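Structure first, then comments.
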Amino acid sequence: MTTNRQWLIQERPLGRALQASDFKRNDADIPVPVDGQLLVKTRYFGFDPAQKGWMENISDYMPPTHIGDVMRGSAIAEVIESRSGKYKAGDLVSGLFGWQDYAAADASTVNKLVDDEFLTANLGVLGTTGMTAYFGLLKLGKPQPGDTVVVSGAAGATGSAVGQIAKIAGCRTIGIAGGNDKCQWLIDELGYDDAIDYKSDSVDDRLNELCGGTINVYYDNVGGAILNSALAHIAMNARVVLCGGISRYERGSRPEGPENYFNLVFRRATMEGFIVVDYAQHFPQARARMRQWLHDGKIIHREDVQSGFENIPATLMRLFNGENFGKQMLKND
Ligand code: NAP
């Protein structure tokens with residue numbers, strides 16, 4: 001291959017769903033690394049709902065994007081040429097290499113990976129996704145043995161890890177996800193005690209039935225009506241963890257505030273948001289712990305691996321349609 005295939009940002013999808021015309025295919029020259037840099041070739045791309053927000057420039061925890069930029073995204077890549085003493089050709093690394101075949105990356109911004117059976121997990125349960133589950137639950141949720149932990153987006157990459165870590169912490173777990181297959185998977189494979197299919201059940205009725213007034217930790221990935229229902233059923237001193245709000249990411253207007261918020265007062269509860277990068281300095285220890293749990297079979301992970309460079313934009317859209325089952329990835333060809 002003599003050119004560097006890329007996907008560029010063409011439009012900002014603010015207040016609406018992503019569409020194919022938000023991205024533009026481009027062919028560029030392969031970049032030349034300078035001192036301290038690596039030339040890497042991308043092998044697997046990881047997909048995160050936050051990528052849509054990065055295109056919209058709605059968050060302040062990352063530098064702004066510009067129309068015409070290579071689309072920002074994480075990937076696992078192979079070092080082709082190294083101009084850093086820390087890496088050599090053939091090493092595998094992860095980083096924000098963008099939607100392209102080749103990137104020149106500063107060696108200080110990449111993570112060196114072990115090429116074992118958990119390689120692709122570095123984009124999921126051992127990557128930022130797993131760290132989000134780990135720190136959001138343990139630092140903000142503070143689960144205690146016997147607690148009831150309810151998770152929305154429970155069959156997604158983050159939610160599936162949250163439920164399993166809560167089980168390790170000795171909690172009762174209830175997952176909320178879309179569709180019977182995902183709900184069955186939560187119970188059969190992930191050890192959730194109960195599951196609620198928000199697409200066919202009344203979340204409010206089911207929460208009332210399963211854990212009315214006894215939710216100690218609610219880990220929220222979706223916001224909107226599901227967050228509001230969960231707030232109605234929290235226990236005294238509950239911890240509500242605001243991780244994500246995917247139900248609002250495609251809306252043109254802000255959703256109404258949760259009308260049950262005052263239950264936080266009655267129940268002396270807390271509701272707190274976080275951004276995972278705040279815990280970056282603790283990632284190595286958390287990764288080692290998660291890797292041990294994976295190795296010991298205490299947690300499992302599921303990956304949804306699409307293929308084909310041309311399919312990259314459509315693969316990001318799968319997250320917003322609930323088409324992904326597990327961590328969304330794409331193998332570069
Ligand atoms: P994911 O859960 O693997 O994929 C997104 C899932 O969201 C879909 O599979 C779908 O599952 C669900 N969904 C989509 N539209 C929905 C809607 N309108 N209502 C309810 N559910 C909907 O993605 P992820 O990467 O693990 O991210 C999960 C959440 O964590 C996102 O909100 C993301 O922004 C957030 N996050 C936050 C941080 C942080 O630092 N705070 C870091 C990473 C991720 P169903 O089939 O069940 O509908």
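We use all heavy atoms of the structure for the numbers below, so side chains are in, but hydrogens, waters and symmetry mates are not. Count residues from 1 along the sequence. Only a predicted model underlies this, so the values are computations on that prediction, with no experimental measurement involved. Order of listing sets the numbers, starting from 1, for every ligand and every atom in it.
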So which pairs with a foot in residues 266-288 pass side-chain hydrogen bond (donor to acceptor under 3.5 Å, both in side chains), sequence neighbours left out?
none
Ring centre gap for Phe309 and Trp99 strictly below 6.0 Å:
no
Set of ring pair (Phe, Tyr, Trp, His ring centres under 6.0 Å) partners for Tyr87, sequence neighbours left out:
none
List, ordered by chain and residue number, the protein residues whose closest non-hydrogen atom lies under 4.0 Å from any atom of ligand 1.
Pro49, Thr132, Gly156, Ala157, Thr158, Ala177, Gly178, Lys182, Tyr198, Asn221, Val222, Cys243, Gly244, Gly245, Ile246, Ser247, Tyr249, Phe274, Ile275, Val276, Leu319, Phe320, Gly322, Asn324
Results of side-chain hydrogen bond (donor to acceptor under 3.5 Å, both in side chains) for Arg302 - residues two or more places apart only:
none
If the plane angle is over 60° it's perpendicular, under 30° parallel, otherwise tilted; pick one for Trp54 and Tyr61.
perpendicular
Would you call Arg172 and Asp194 a salt bridge, taking side-chain N to carboxylate O under 4.0 Å as the test?
yes
